[in-house]
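Notes follow the structure.
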2 protein chains.
Amino acid sequence: MNVFINLNLESSEPIYIQLQQQIIEGIAKKQLQPGDALPSVRSLAADIGINLHTVNKAYQQLKQDGFILIHRQKGVVVHPDGVPQADEEYRQELKAKLRPLIADSICRGLSEVEFSQLSKELFQLFNEEEGEKN
Amino acid sequence: MNVFINLNLESSEPIYIQLQQQIIEGIAKKQLQPGDALPSVRSLAADIGINLHTVNKAYQQLKQDGFILIHRQKGVVVHPDGVPQADEEYRQELKAKLRPLIADSICRGLSEVEFSQLSKELFQLFNEEEGEKN
DNA sequence: TATCTGTTATATAAGTAGTATAACAGATAT
DNA sequence: ATATCTGTTATACTACTTATATAACAGATA
């Protein structure tokens, strides 16, 4: 039941954000299914060699965003009901995050088609490898 | 020759990043053309009510990324040769930035088509309003 | 000569990221 | 019963980032 987390400690991206993203990727790839147990804050922290509170920070955000349930004594599981589906608010936030990427892309002569091609490759990366370890 | 910068001082996004993005958006919309002069660090700082060094930090990054040229005495201009075009390295970096957005989208049931539709709207936002103030 | 340009150097305050330790209360297995 | 597990809370500390404030410098220019 070991974890598939690889962190880049040199990155400017905070560790708890990287951890959060890796778990979200695991859910996207369906390596993590609704109801699946996640490691305790202590064991995961020990496994990847970071502090308990850093793991807890990632878990708290994942809980906030509806990815997981945290039970004070039983531990942490992927949300049994699945992740809250995208609504209009989510779409607007996503658009706000895409905005600077697309402005930059336009300046560098990247077309909408090329941009969507990159997106497509990523969608395939997550969807094709359902349950695999890549 | 006034500037079209609107900052959100409440945002967790650093001011110098927001400033950077707004200038990049200006270039994407072709409101800022190659060779166009940008305000001096002091006047822009005064205009939008922030510190000279915060503007300078944004300018330094824009210079680093090839958007602008900085001449020690003459001032700052949008790069006359245009912005460096996207190469393979740029595509990989862009993909790395899209990756967490797409993983999250998949978890929330957003399809590739819906994702590309959002992207398309943003491309249109920047391309249709060429030279306009929106 | 005064004024503009970017640049450099210090100093300070506030916030974030990460770690270290310790303790608590509830559940659970031995 | 006791030891061990769970998340949670509290405190303290270091390092770094963000943003500001002031001051000064050297080159260009009106």
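Just so we're on the same page: letters track the sequence lines, and every chain starts at 1. No hydrogens, no waters, no symmetry mates; every other heavy atom, side chains included, goes into these values.
Of the residues Leu62(A), Ile23(A), Leu38(A), the one that meets the side chain to side chain contact (heavy atoms under 4.5 Å, CB included) test with Val76(A) is Leu38(A).
Contact detail for Leu101(A) and Tyr90(B): the closest heavy-atom pair is O-OH, 4.3 Å. Counting all heavy atoms, side chain and backbone alike, Asp36(A) lies closest to Gln31(A) at OD2-O, 3.9 Å.
Put simply, the side chain of Glu114(B) gets close to the backbone of Ser111(B): a donor and an acceptor are under 3.5 Å apart.
The partner of dG27(D) is dC4(C), by the rule that a Watson-Crick or G-U pair needs both atom distances under 3.5 Å. Applying the Watson-Crick and G-U wobble criteria (two distances, each under 3.5 Å), dA19(D) pairs with dT12(C).
Using a 4.0 Å cutoff on non-hydrogen atoms, the parts of residues 67-84 of chain B near DNA chain D are Gln73(B), ordered by number. Of the residues in residues 10-20 of chain B, those with a non-hydrogen atom less than 4.0 angstrom from any atom of DNA chain D are Pro14(B), Ile15(B), Tyr16(B).
The CD1 atom of Ile50(A) sits 6.5 Å away from atom CG of Leu44(A), with the distance rounded to the nearest 0.5 Å.
In the interface, the side chain of His53(B) is paired with the base of dA9(C) through a donor and an acceptor atom under 3.5 Å apart.
Of the two residues contacting DNA chain C, namely Arg42(B) and Asn51(A), the nearest-nucleotide position lying further toward the 5' end is that of Arg42(B).
Hydrophobic clustering, with ILVMFWY side chains joined whenever heavy atoms are under 4.5 angstrom apart, groups Val78(B) together with Phe4(B).
Proximity of Ser11(A) to Gln18(A): side-chain heavy atoms (C-beta onward) are separated by under 4.5 Å at one or more points.
Taking atom CG of Asn8(A) as the reference point, atom P of dA17(C) lies 17 Å away to the nearest angstrom.
By the 6.0 Å and 45° rule, Lys29(B) does not stack over the aromatic ring of Phe126(B).
First and last contacts of DNA chain D with chain A, using any nucleotide atom under 4.0 Å from a protein heavy atom and ordered 5' to 3', fall at dT6(D) to dA10(D).
Under 4.0 angstrom from either OP1 or OP2 of dA17(C) there lies at least one side-chain N or O belonging to Lys57(A).
With 3.5 Å as the limit, one finds a donor-acceptor pair spanning the side chains of Gln22(B) and Asn6(B). No side-chain N or O of Gln21(B) forms a donor-acceptor pair with one of Glu25(B) less than 3.5 Å apart.
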- Take Gln64(A) and Gln60(A) through the side-chain hydrogen bond (donor to acceptor under 3.5 Å, both in side chains) test and state the conclusion after the steps. CA-CA 6 Å; Gln64(A) 183 78 24; Gln60(A) 288 301 327; over 6 Å; no
